[in-house]
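Before I ask anything, let me first share the structure, which is written out below as structure tokens.
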Amino acid sequence: MIDTMFSSLFAMLSSPHIMGLMLIGVFLGLIVGVTPGIGGRLSIALAIPFVFGMDMVGGAVFLLTMHAVNGTSGQISSIMFGVPGDGDDAATVLDGYPMAKKGEAGRALGASITASGVGGIIGAIVFAIMIPIIEPVVLAFSPAEFFLLALLGITFIAFISGRGNIFKGIIVGFYGMILATVGMDPQTGTARFAGDYLFLWDGLSLVTAVLALFAVPEMIALGVKGGSIAAVSLEGTRYSYRQLLEGVMEVPRHWWLVVRTSIIGAVIGMIPGLGSSAASWFCYGHAVQSSKTPERFGKGAVEGVIAPETGSNSREGGSLLPTLFFGIPGSSGFAVLMGAFLILGIQPGPKMITEQLPLVWTLIWALVVGNLIAVIFLLFICRWVAMLTFINGALLVPFIVVLVAVGSYINEGRWENLLILVGLSAIGYGLLRAGWPRAPFVIGLVLGVIAEKSLHTALALWGLEFFLRPLSLVLIGLIVATIGFAIYKTLRPSKALEESGAVP
Amino acid sequence: MKSSLVKYSNSVMTVVMLAIFVVLVGLASGYPPGARFMPLVVGIPAIVLCLLQLALDARERRRGAAEISDTRSELEKAGEKVSRMVGRRVDFRISHEFMPGVGPEISPQEMVRRELVLWGYFLGFIAGIIVFGFWAAIPVFLVAFLRFQAKAGWLFSLGLGIGASVLMSFVFERLFRVVLHTGFVTDYVLGLFGG
């Protein structure tokens, strides 16, 4: 294990190709993080066509670093202008923006950027420590259990993204799974749902489907919303590099809080179903509760900036564990990332330990090195990166639509994919408009083919007794428990809302 | 008004999904046993779930969406959470327009109008690609969108639209060596001139 660990690091650092891709990934991730209207999921969806056909390691490192550093730059606008990049950064606004208004923007930025980077690194370390612990559990799964794992993945992601209604998420997941059956059936040679259209015989293009479900609806929604953030005070943007350095030093000064919140964030990331912003809010709450002077929070306490940033970024390392080893993404962002990994040929499951351990270590090191690069980069350029917040969303829409059309075409070189793009985009926009989750679709679509193969294998090996195997029973129990809890929440909404703090 | 629109679109979406699954299950039932197995394993439970969802939609409508859905903004929820943690009322005074996903209220009619316009641009662009090819459709789409939808000036729209098209052409055709669709009409016209 130690050999693999260090040989992966050496191979990564000595490869100009991988390091170059990582630098591009970090740069794009930081830009996307601060640009309004482009979230982590959308950026991954847009990048998929360009990594299609790329080597597995390079593509995965590029996508992971791009996704991992997204939150690091999102906080800049939270602190300087009180404009969070996404839900994860909202907790940083609470103390970061008051600090900026008090003339301490540099200190807040230095502390948050460093905390974010350190959190990302500790999250990766926690993931690495968990590998030998989780190994026996992962190896207990046979490829035949993948059908139930796929159902569990859909159930979890439906629970996360369903906003209190798990059925919608599962329906969307099943929609993805049934679309995965389009094309030539490997068992019988029947062209399913393809008719005489030859371009459908190879199945639906994954890239086109992901772009249609995520990118096009988001762009139309952004175009409908229109406008940009215009009227914010720029007083928070003035700071010196000395202030920034003072902020950096706040992180070692609060090292124990950093370690605690990083571990909390990583553990939250490992538990699918807790949602993407849970880590930052939980860590913020922990900082308030463990402080001797909680009354300072909300008025510009530096711990209120450090805690959510470490928690939010360490979650990335934690989320990688269920994504890679069980095929269950820890958040909706990781659902799209997992879809991209599958397109690259990375199949989550026991093989990640038995055959792909060097790749796992490369990804862990990519998180560590990517976060370090992002921190160094941002400490120098955050003042200018922040200005991207003011880009008019309407100006971005046509360029992203062009990239979507090109991306949909180039991976198979078929113009018919553009027609599929239009059809699936209409469904995707309908889902977005009606508030239905879209992340389960990706899981269903990408795992559908593997799940079908696994189901056939399992039934051939064990017949219907497959469902009575101990591991199968555990997975079925988890699925039933998740659905049961979600139904309970749906049928008892008032109580559930009260518990979650929605009803005062 | 907004919540009733969401409720309405919710049921429409459930019916659309139900229709999709019914059609796909219907088609799959005509396939040989091995080929229809997975579509039926997935499709039949999905139909049951869609019917359940329709019942939930009806129940939600009866109870009134306002009672059961949490319509507060992320900022208000955050204020509530932190107030509980610190044991006193905390009011984060950040304008709602700065919060992600929260914008000024748009009337349903205006929203539908904007949606139709944007879908028009999108469909026009895709049709343009298929008929005239990428390198004719991209600059036209970019300039038209920037000028008429994003309300940018002519000079800015032309400069950015044409500049970006040239850059993309260089990146894809020269750097990545990707040959993009040239368009059926463009091919036909070039064919007439022996191109």
Side-chain angles (χ1 to χ4, degrees), chain A residues 81-84 86-87 90 93-94 97 167-168 170-171 174-175 177-178 181 185 187-188 190 192-193 216 220 223-225 229 232 281 285 288-289 294-295 297-298 392 394-395 397-399 401-402 405-406 409-410 415 418 421-422 430-431 433-436 452 455 490 493 497 501-502 504, chain B residues 6 9-10 12-13 16-17 20 24 27-28 31-32 34-35 38-39 42-43 45-46 49-50 52-53 56 68 70 72 74 77-78 80-82 84-86 90 92 94 98-100 103 111 114-115 118-119 122-123 125-126 129-130 134 138 141-142 145-146 149-150 152 164 172 178 180-181:
Chain A
F81 316 117
V83 185
D86 60 27
V93 177
L94 308 182
Y97 190 47
F167 293 144
K168 291 176 185 171
I170 296 178
I171 292 168
F174 280 177
Y175 175 56
M177 275 184 114
I178 209 163
T181 65
D185 170 39
Q187 308 282 324
T188 60
T190 309
R192 292 183 295 198
F193 311 122
V216 177
I220 292 190
V224 168
K225 211 172 115 190
I229 300 155
V232 291
W281 285 114
V288 176
Q289 281 165 337
E295 66 280 358
F297 284 80
N392 185 345
L395 291 177
V397 173
F399 294 97
V401 168
V402 167
V406 172
Y409 178 82
I410 58 172
W415 66 268
L418 297 171
L421 180 77
V422 170
L431 295 173
R433 186 79 151 76
W436 284 47
E452 181 176 16
L455 183 61
T490 309
L497 282 176
Chain B
V6 169
S9 53
N10 244 340
V12 169
M13 207 57 230
V16 168
M17 296 306 283
I20 290 172
L24 292 179
L27 285 172
Y31 298 147
M38 188 67 174
V42 173
L49 284 173
C50 286
L52 255 169
Q53 184 56 46
L56 279 175
I68 55 171
D70 185 11
R72 298 171 312 156
E74 287 297 319
K77 286 182 203 168
E80 179 71 34
K81 279 179 190 171
V82 178
R84 282 169 182 235
M85 289 169 192
V86 299
V90 175
F92 297 113
I94 299 165
F98 301 148
M99 293 301 291
M111 191 147 175
R114 289 188 193 182
E115 283 172 329
L118 282 156
W119 272 100
F122 178 57
L123 294 177
F125 176 51
I126 298 296
I129 293 172
I130 293 169
F134 275 94
I138 289 175
F141 170 68
L142 287 179
F145 196 101
L146 290 171
Q149 189 62 23
F172 288 110
V178 175
L180 294 180
H181 181 63

Given heavy-atom pairs under 4.5 angstrom as the criterion, report whether the side chain, backbone, both or neither of B:Ile20 touches chain A.
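Contact with chain A involves the side chain of B:Ile20 alone.
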Can you find a pair of side-chain heavy atoms, one from B:Met38 and one from A:Met177, that are under 4.5 Å apart?
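In short, these two side chains touch, coming nearer than 4.5 Å.
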Under 6.0 Å between ring centres, would you say that holds for B:Phe125 and B:Phe145?
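When the ring centroids of B:Phe125 and B:Phe145 are compared, they turn out to be at least 6.0 Å apart.
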To the closest 0.5 Å, what do you measure between SG (B:Cys50) and CZ (A:Phe174)?
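Here the rounded value is 10.5 Å.
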Contact class of B:Ile129 relative to chain A, heavy atoms under 4.5 angstrom:
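Just the side chain, heavy atoms under 4.5 Å.
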Would a line drawn from the ring center of B:Tyr31 to the ring center of A:Phe193 be shorter than 6.0 Å?
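Ring centroids of B:Tyr31 and A:Phe193 are less than 6.0 Å from each other.
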First locate atom CG of A:Leu431, then atom NZ of A:Lys168, and finally report the distance between them rounded to the nearest 0.5 Å.
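Answer for the CG-NZ pair, A:Leu431 versus A:Lys168, is 10.5 Å.
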Quick check for you: among B:Leu118, B:Leu123, B:Ile138, which has the greatest number of heavy-atom pairs under 4.5 Å with chain A?
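Option with the top pair count is B:Leu118.
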Go through A:Val406, A:Val216, A:Leu421, A:Thr190 and name the one with the most non-hydrogen pairs under 4.5 angstrom from chain B.
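Top count of heavy-atom pairs under 4.5 Å with chain B: A:Val406.
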Heavy-atom pair count under 4.5 Å with chain A, highest-scoring of B:Val16, B:Val42, B:Leu52:
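If we count pairs closer than 4.5 Å to chain A, B:Val42 comes out on top.
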